[in-house]
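These notes are about the structure you will find just below.
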Amino acid sequence: MNEPSRLLTYGSIIKQEIGRLNDQVDKVLQIARIEKNGFHLKKEKFDLNGVIIGVVENCRAQYKGDASIKTGLLAGTVDVIGDRLHVTNIFYNLLDNAIKYAGPAPEIEIHSQKDGETIKVFISDNGPGISSEHQKKVFRKFYRVPTDNVHNVKGFGLGLFYVKSICEAHHWKISLLPKQGKGATFMLEINN
C-alpha cells in the first residue's frame with residue numbers, strides 16, 4: 001500500500017490474467033455447447049476483408065508494435081456468407097496463435113487469393129515451425145505442441161479445435177500447410 005506504482009503493476013497483472021482466464025473459460029463453455037447441442041450459425045452476407053482488417057487492427061493495438069502484421073488481401077469488397085462473429089473469432093485465434101508462437105520478433109503475413117469459386121486466406125508466421133509429427137494433431141481438442149519445457153504461451157489447446165469446428169460448420173476447410181523450420185502457414189478455404 002505504501003508503494004502505489006507496485007500496486008498499480010500488480011493490479012494490471014491481475015486484470016490481464018482475469019481477462020485471459022475469462023477467455024479460456026468462454027472457450028471451454030463454447031466447446032462444451034458445440035459438443036452437446038451443436039450450435040446455430042447466424043449466417044449473413046458480409047465483407048471478409050472488413051473482418052480481417054478489423055482483427056488485424058485490433059491485434060496491432062493489443063501487441064503495441066511488438067508484432068509486424070502485413071496484409072495482402074484481394075482487392076475490393078469480398079462478400080462471403082457466414083456467421084460474422086464466429087468468422088471473426090477464427091481470425092482472432094489464428095492471428096493470436098501466429099503472434100504468440102512466432103518468437104521474440106513476430107512477423108505475420110495474412111493474404112488472400114481467389115481459386116475459382118474458392119477464396120483462400122493464408123496466415124503465416126516466422127516462428128520455428130511445427131514438426132510433421134505434430135502437424136497432424138494441432139486441430140485436436142486439448143492438443144498443444146510441446147515447447148521444450150517453456151510454457152510462455154498459455155492456453156488449453158482449444159483454439160484450433162474451435163477454428164476447425166467453425167470451419168466444418170460452414171463447410172469450409174482449414175489446414176496447416178506442411179513445412180518445417182520456417183514458421184507455420186494456415187490456409188482457410190472458403191466456399192460460398
Side-chain angles (χ1 to χ4, degrees), residues 23 26-27 30 34 39-103 105-130 132 134-136 138-139 145 153 155 158-192:
D23 291 344
D26 197 39
K27 278 184 188 172
Q30 285 178 345
I34 288 169
F39 54 92
H40 176 70
L41 296 176
K42 296 178 185 172
K43 289 189 175 184
E44 62 181 304
K45 185 176 176 181
F46 62 91
D47 177 25
L48 183 65
N49 283 350
V51 166
I52 293 171
I53 290 167
V55 170
V56 166
E57 291 305 316
N58 283 338
C59 285
R60 283 180 178 148
Q62 179 183 353
Y63 289 98
K64 297 178 180 114
D66 291 338
S68 167
I69 306 173
K70 296 179 183 171
T71 58
L73 302 177
L74 289 164
T77 301
V78 179
D79 287 329
V80 297
I81 297 171
D83 187 309
R84 181 192 300 258
L85 175 65
H86 286 297
V87 173
T88 301
N89 288 340
I90 286 173
F91 288 105
Y92 269 117
N93 272 289
L94 293 173
L95 279 174
D96 192 52
N97 277 359
I99 292 167
K100 286 178 180 175
Y101 287 99
E107 293 178 18
I108 312 304
E109 184 178 325
I110 181 166
H111 71 274
S112 58
Q113 67 187 44
K114 196 114 159 103
D115 185 4
E117 293 299 309
T118 302
I119 299 164
K120 293 183 177 180
V121 182
F122 301 86
I123 295 101
S124 303
D125 66 56
N126 65 330
I130 300 171
S132 57
H134 298 292
Q135 287 179 9
K136 300 171 190 168
V138 294
F139 295 106
V145 175
V153 179
L158 292 172
L160 291 177
F161 176 77
Y162 169 79
V163 165
K164 186 167 181 78
S165 298
I166 298 304
C167 288
E168 288 174 348
H170 281 86
H171 304 289
W172 299 345
K173 292 181 185 172
I174 183 76
S175 54
L176 172 58
L177 299 183
K179 67 180 191 177
Q180 187 175 338
K182 296 180 181 176
T185 298
F186 286 86
M187 178 178 64
L188 174 61
E189 297 176 82
I190 299 171
N191 299 305
N192 279 329

Kindly compute the distance separating [atom1] ([X]) from [atom2] ([Y]), expressed to the nearest 0.5 Å.
X    : Y    : atom1 : atom2 : result
L95  : I123 : CG    : CD1   : 6.0 Å
D125 : E107 : CG    : CD    : 10.0 Å
H86  : K42  : NE2   : NZ    : 8.5 Å
N49  : I119 : CG    : CD1   : 8.5 Å
M187 : L176 : CE    : CG    : 10.0 Å
Q62  : E57  : CD    : CD    : 13.0 Å

Are [X] and [Y] side-chain neighbours, meaning at least one heavy-atom pair lies under 4.5 Å?
X    : Y    : value
V51  : R84  : yes
T88  : V55  : yes
V163 : F186 : no
E117 : N191 : no
V121 : W172 : no
I130 : Y101 : no
I174 : L94  : yes
I108 : I99  : yes

Discussion item. Which residues pass the side-chain hydrogen bond (donor to acceptor under 3.5 Å, both in side chains) test with N58, not counting sequence neighbours?
Written reply: Y92

Worksheet item: K120: what forms a side-chain hydrogen bond (donor to acceptor under 3.5 Å, both in side chains) with it, not counting sequence neighbours?
Response: D115

Worksheet item: Considering all heavy atoms of both residues, which atom of A102 and which atom of P128 are nearest to each other, and what is their separation?
Response: O-CD, 4.4 Å

Worksheet item: Minimum heavy-atom separation for F91 to L188, with atom names?
Response: CZ-CD2, 3.6 Å

Worksheet item: Strictly by modelled atom types, are N89 and Y162 linked by a side-chain donor-acceptor pair under 3.5 Å?
Response: yes

Fill in: Residue K43 excluded, over 12 heavy atoms near NZ under 6.0 Å
yes

Output yes when a side-chain donor or acceptor of [X] lies under 3.5 Å from a complementary backbone atom of [Y], and no otherwise.
X    : Y    : answer
R60  : I69  : yes
H111 : S124 : no
D79  : K45  : no
D47  : V78  : yes

Practice prompt. For L48 and L73, run side-chain contact (heavy atoms from CB on, under 4.5 Å): C-alpha distance rounded to whole Å, both residues' side-chain angles, the deciding distance at 0.1 Å, then the answer.
Written response: CA-CA 10 Å; L48 183 65; L73 302 177; over 6 Å; no

Worksheet entry | salt bridge (charged side-chain N to carboxylate O under 4.0 Å, His left out) partners for E189, two or more places apart | none

